[in-house]
Amino acid sequence: MDISLQVSELRFATDDGVVVLDQVSFGVLREGVAVVVGPPSSGKTLLLRLILRELPSTGGQILLLGRNVARLSPRKVAVLRRKVGYLPEEPVVLRSRTVRGNLEFKLKALGLADEDAEDRIARALELSELVHDVERPASELSALETRKLALGLALVTDPPLLLCDDPVRNLAAPEAQAMIDLLMHLQRAGIALVITTREAHVAAQIRARCGESTPVVHLRQEVMA
Amino acid sequence: MSPGLFVALEALKGLGRVLTRWGAWAASIAVVLLAGTAVIVLPTRDEDHTARTVFYLVASADAAVGESSLNRLAWDIWSWPGVSAVTFRFPGETEPQEIAQRSLVVRVRDPEVQRQVGIRLEQFGELTSIDHIQLTTSPPPRLPATSRVLALVGLVLALPLCLWLARWAARGLGAAWGEELALLRYSGASELLLRVPFWLFGALAGLAGAVLYAACFWGVWSWAQEVPAVRQAVPTFVTGGTVATVLGFLLGLALGLVGATVGFPARRHA
């Protein structure tokens, strides 16, 4: 059984000794889903940044795509990092470029503009449901479409694992539902997902659709001094 | 195309949006280089500007006197008390006076020595005439040492201003290129790759500053060639132009790269 991500007894405390995350454990199978639920400032984004090794944890272990991120050199972290898609809470897109321009920019900047680039772009457009918007400027996209473009940017490198930081935040209910449907589609397409949310009903819906074995991690609101 | 080159060229497209900041930074680099040059070429201490009187005896030698005899005589005179130097002059020379025939020019310490040496020279039959000469000269005016202090103050003020402008300009580029920067960061691009456009931005500012500096330097240099008073006031300025230019470009480039490194908007850890 392949495991995309295994987080074990993860702990993070600030330099001031404030414990933000403590004893956080969960695993994500290949093509599986994990949901992290927590109120604002409970450490959801921090958890994803720890997984991506943007910050070092103060305890516990993270196995990402089979590698212990704490033991990797910065160079190897960068290589591993490119194999993981990341959908930030605030979608980051290049508003002065078209949808295709956004995807091409990322591939060229990462040195991936090879003969497979067109296939990568086509797959990302299909997975993010932007096939018919390929030549539209990003500045003209709606909130949902902008989020889809951010998703396409995360997927254009064909990552086996996608980290989604509160993907339905600030979306109206129909758009949020469309976003959840899209993420479920990605999961069925074989991409493992870690989804953070502050909405308990979102976590419940994802669990209901993906099965009772889907791990749901609850982060607490209060921090311990 | 390599990722670094692609990112650098893409970032340069945003240069137009921060041209004012970039231009101010380049100008400040030129000011730093000019101030540094002034610190080097301006006098380190005030020189004595009082007039000086020098005493000479010009002893004309008989045409029949041989070269070796005249040479021996010169060494002999140089050993006398109060004699500072003995040199040869040939017909046609003009220092310290018009020379009509081979002569020995004896520089002495003071008028009393001049009188005594003159008496002794008259005893030599090989010498046909002895002239007593007294020349008073005034050194050319030099810039005061305070001018160098001012240049030093200028350099001390210009350097932090240059770094501040570098930070300002780099932040401007960071803002103009903020979406691309954020996207690359979220994509796992290395910090080195993210810094490439800023280094290129800084290198261009440094080179532009150096060009500005070289233009100012050679402009003043050309003017100084036409004005003897300037050459006299700052004699060290007229030499080393090529070295100053080469150094200017190297230092300009270094200032640009340092400024870009200092001004690079580092990731904020929330």
Side-chain angles (χ1 to χ4, degrees), chain A residues 14-15 20 41 43-46 48-50 52-56 64 74-97 101-114 138-139 146 149-157 159 163 165, chain B residues 1-22 169-204 257 260-270:
Chain A
T14 65
D15 293 339
V20 185
S41 302
K44 299 186 296 296
T45 302
L46 171 67
L48 299 184
R49 292 183 66 187
L50 292 173
L52 294 172
R53 188 62 179 165
E54 289 183 6
L55 290 171
L64 179 61
R75 186 182 174 83
K76 287 182 177 173
V77 166
V79 172
L80 184 63
R81 172 68 184 80
R82 294 186 187 189
K83 294 178 182 171
V84 180
Y86 180 58
L87 179 65
E89 186 174 354
E90 288 295 328
V92 174
V93 299
L94 311 179
R95 293 182 193 281
S96 60
R97 297 169 197 254
N102 271 264
L103 301 176
E104 285 177 343
F105 175 87
K106 179 170 174 179
L107 288 179
K108 286 179 180 174
L110 296 182
L112 297 172
D114 49 20
S139 57
T146 301
L149 176 54
L151 192 60
L153 283 164
L155 295 171
V156 76
T157 52
L163 308 181
D165 193 2
Chain B
M1 186 185 295
S2 73
L5 184 60
F6 170 74
V7 168
L9 293 177
E10 286 293 316
L12 282 185
K13 291 179 185 171
L15 187 62
R17 282 174 274 175
V18 288
L19 207 55
T20 306
R21 295 184 182 203
W22 181 82
R171 290 286 163 90
L173 181 67
W177 213 55
E179 288 177 347
E180 285 84 351
L181 210 55
L183 176 60
L184 289 173
R185 278 189 163 134
Y186 283 132
S187 304
S190 66
E191 283 293 293
L192 191 68
L193 180 65
L194 298 179
R195 283 177 184 269
V196 165
F198 289 84
W199 281 330
L200 182 63
F201 186 62
L204 288 176
L257 291 175
T261 304
V262 170
F264 177 73
R267 178 168 197 152
R268 288 187 292 272
H269 291 287

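Everything quoted here is computed from the prediction, not taken from an experiment. Below, chains carry the letters A, B, ... as their sequence lines are ordered, and counting in each starts from 1.
If you measure heavy-atom distances from Leu184(B) to chain A, the contacts under 4.5 Å come from the side chain alone. With a 4.5 angstrom heavy-atom cutoff, Val93(A) touches chain B only via backbone atoms.
Of the inter-residue distances, the one linking Arg97(A) atom CZ with Glu10(B) atom CD reads 4.5 Å to the nearest 0.5 angstrom. The structure places CZ of Arg82(A) at 6.5 Å from OG of Ser190(B), a figure rounded to the nearest 0.5 Å.
When all heavy atoms of Ser187(B) and Arg81(A) are compared, the pair lying nearest together is N-NH2, 4.0 Å. Residues Leu110(A) and Pro3(B) come closest through the heavy atom pair C-CG, 4.1 Å.
The side-chain contact (heavy atoms from CB on, under 4.5 Å) with Tyr186(B) is formed by just one residue from the set Val92(A), Asp165(A), Leu153(A); it is Val92(A).
Residues forming a salt bridge (charged side-chain N to carboxylate O under 4.0 Å, His left out) with Glu89(A) (at least two apart in sequence, or on another chain): Arg169(A), Arg198(A).
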